[in-house]
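Shown next, in structure tokens, is the structure this report addresses.
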Amino acid sequence: IGEIRRFLRDDSPVKVSRSYKETAQRIHRCQHELTGKLGREPTIQEVANALEIEPEAVVEALEAVQSPTSIHETFYQ
Amino acid sequence: MRNVNQVKMQFASLPENVALARVVVATMMSNLEFTLTNLDDVKVAVSEAVSNAIMHGYHNKTDGLIDFAVTLDGEGLEIIVADQGQGIQDIAKAMEPSYSTSPDRMGLGFVFMQSFMDQIDVKSEVGQGTVVRLYKYVPQLQRAVQ
Amino acid sequence: MRNVNQVKMQFASLPENVALARVVVATMMSNLEFTLTNLDDVKVAVSEAVSNAIMHGYHNKTDGLIDFAVTLDGEGLEIIVADQGQGIQDIAKAMEPSYSTSPDRMGLGFVFMQSFMDQIDVKSEVGQGTVVRLYKYVPQLQRAVQ
Ligand SMILES: Nc1ncnc2c1ncn2[C@@H]1O[C@H](COP(=O)(O)OP(=O)(O)O)[C@@H](O)[C@H]1O
Ligand SMILES: Nc1ncnc2c1ncn2[C@@H]1O[C@H](COP(=O)(O)OP(=O)(O)O)[C@@H](O)[C@H]1O
Ligand SMILES: [Mg+2]
Ligand SMILES: [Mg+2]
């Protein structure tokens, strides 16, 4: 059971957002690099493959760092 | 890679379920050859459609039900957002830029949905509710020659 | 912070929908005071339950339907995974560690569900299908004195 918790780092909920934030930064850096390399925008899967994470993790990280419910709130709050 | 799938959901008209709808669509998009830009675009459109159902359909009452269906049909992504709320009197007018029935809103939701998606179709009946159908094609990527 | 919500989903028995179920639960958990460990634990349990429905309930056929419901009731999180597949002959035996009807499987799915969740309840009828109910309480966080 212990080894299943291999992602266990800390019990603090604050950590959740920090690790998501790091992943999101890596995603954006990778997207930039791959765009240069491929001459087009990479797909979500290409980014996930390059970072060796699941596409699901890409999605989760990006969502976690983007909390507003509507773009109106983002732009005109 | 699989590109056919369908997910149907029903959830309450709570503001936090906007994020839920976004995440479901985003996860399903990650199985197709969509880019991160496509992802952002579709997430904005979904947020606007679901926010509209909550805000305008149900006037922010939290006990309304929203039906949400996402279908991957092999060519793209179809999203259907349906509420059984107040309905829209004049759909053409509602879709005009800057038109809003709420004084504090910008009236740009439908504009965003139209610009970020390839198709939008709105059906509504006053007192019955509103169904918004959005569609986005998977982009034809130019494969760089190695 | 809101802590009452319910989401019902129905999706096909496709392997990629395991991730979808996980993401939905994780998003809903993020509205409550669960820890990262709780999140990982529940994700494992959900993966096991949904994988079982796909693999054992529907024998990896992709046209089965899985009903998935997540409820936040104020005290915790209830997850229900239901298939209309093959069903389980002897539930007590199926839940034993290392018991599996697939030679290549570990037989630890139910063990993980039991260890990582606070409650598990399995109902099944051969030829009718299986319903797995999982429950996790929100931990009583000890607030550190600053
Ligand atoms: N689901 C809905 N139910 C009822 N009315 C709606 C719905 N969606 C949109 N509307 C109407 O259409 C108008 C325009 O919507 P939108 O372009 O999103 O702008 P906004 O939300 O800023 O008002 C809304 O002000 C509202 O009157
Ligand atoms: N949804 C289901 N439908 C039919 N049989 C199931 C289902 N879930 C579990 N089972 C049965 O219970 C057994 C034990 O399940 P589990 O502990 O997850 O181990 P494993 O999946 O590795 O076999 C399975 O081998 C299968 O026979
Ligand atoms: Mg709007
Ligand atoms: Mg199993």
Side-chain angles (χ1 to χ4, degrees), chain B residues 1-34 39 42-43 46-47 50-51 53-55 58 60-74 76-84 138, chain C residues 1-34 39 42-43 46-47 50-51 53-55 58 60-74 76-84 138:
Chain B
M1 187 195 51
R2 245 167 234 299
N3 50 12
V4 178
N5 195 359
Q6 184 175 50
V7 172
K8 290 184 191 171
M9 296 178 78
Q10 192 178 60
F11 48 77
S13 51
L14 291 165
E16 63 262 40
N17 288 335
V18 176
L20 192 77
R22 259 200 318 257
V23 155
V24 165
V25 169
T27 306
M28 291 181 72
M29 286 178 79
S30 73
N31 293 316
L32 295 186
E33 296 198 317
F34 283 110
L39 191 70
V42 173
K43 282 167 96 175
V46 167
S47 297
V50 178
S51 302
I54 295 172
M55 254 182 316
Y58 293 120
N60 294 310
K61 276 184 293 155
T62 58
D63 61 349
L65 285 179
I66 296 172
D67 286 288
F68 185 70
V70 187
T71 306
L72 306 180
D73 62 10
L77 171 80
E78 182 194 57
I79 298 162
I80 294 177
V81 181
D83 67 64
Q84 294 144 53
V138 177
Chain C
M1 185 195 54
R2 238 169 238 299
N3 50 13
V4 177
N5 195 1
Q6 184 174 52
V7 173
K8 289 183 191 171
M9 298 179 77
Q10 192 179 60
F11 48 77
S13 50
L14 292 164
E16 62 264 40
N17 288 335
V18 177
L20 192 77
R22 263 199 310 261
V23 165
V24 164
V25 169
T27 306
M28 291 183 71
M29 285 179 79
S30 71
N31 293 318
L32 295 186
E33 295 199 317
F34 284 110
L39 195 69
V42 173
K43 283 166 114 179
V46 167
S47 298
V50 178
S51 303
I54 295 172
M55 254 183 315
Y58 293 119
N60 294 309
K61 277 183 294 158
T62 58
D63 61 350
L65 286 179
I66 296 171
D67 286 288
F68 185 70
V70 187
T71 306
L72 306 180
D73 63 10
L77 172 80
E78 181 194 58
I79 298 162
I80 293 176
V81 180
D83 67 65
Q84 293 144 52
V138 177

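Every chain is numbered from 1, with letters handed out A, B, ... down the list of sequences.
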CD-NZ distance between B/Gln10 and C/Lys8, expressed to the nearest 0.5 angstrom = 6.0 Å

Of the non-hydrogen atoms in B/Asn5 and C/Ala12, which two are nearest, and what is the gap between them?
-> OD1-CB, 4.3 Å

Are B/Asn17 and C/Val7 close enough, and set up right, to give a side chain to side chain contact (heavy atoms under 4.5 Å, CB included), and what steps lead you there?
-> CA-CA 9 Å; B/Asn17 288 335; C/Val7 173; 4.2 Å; yes

Nearest heavy atoms of B/Met28 and C/Leu20, plus distance in Å | CG-CD1, 3.8 Å

Please tell me if the side chains of B/Val24 and C/Val24 come closer than 4.5 Å, counting only heavy atoms from C-beta onward.
-> yes

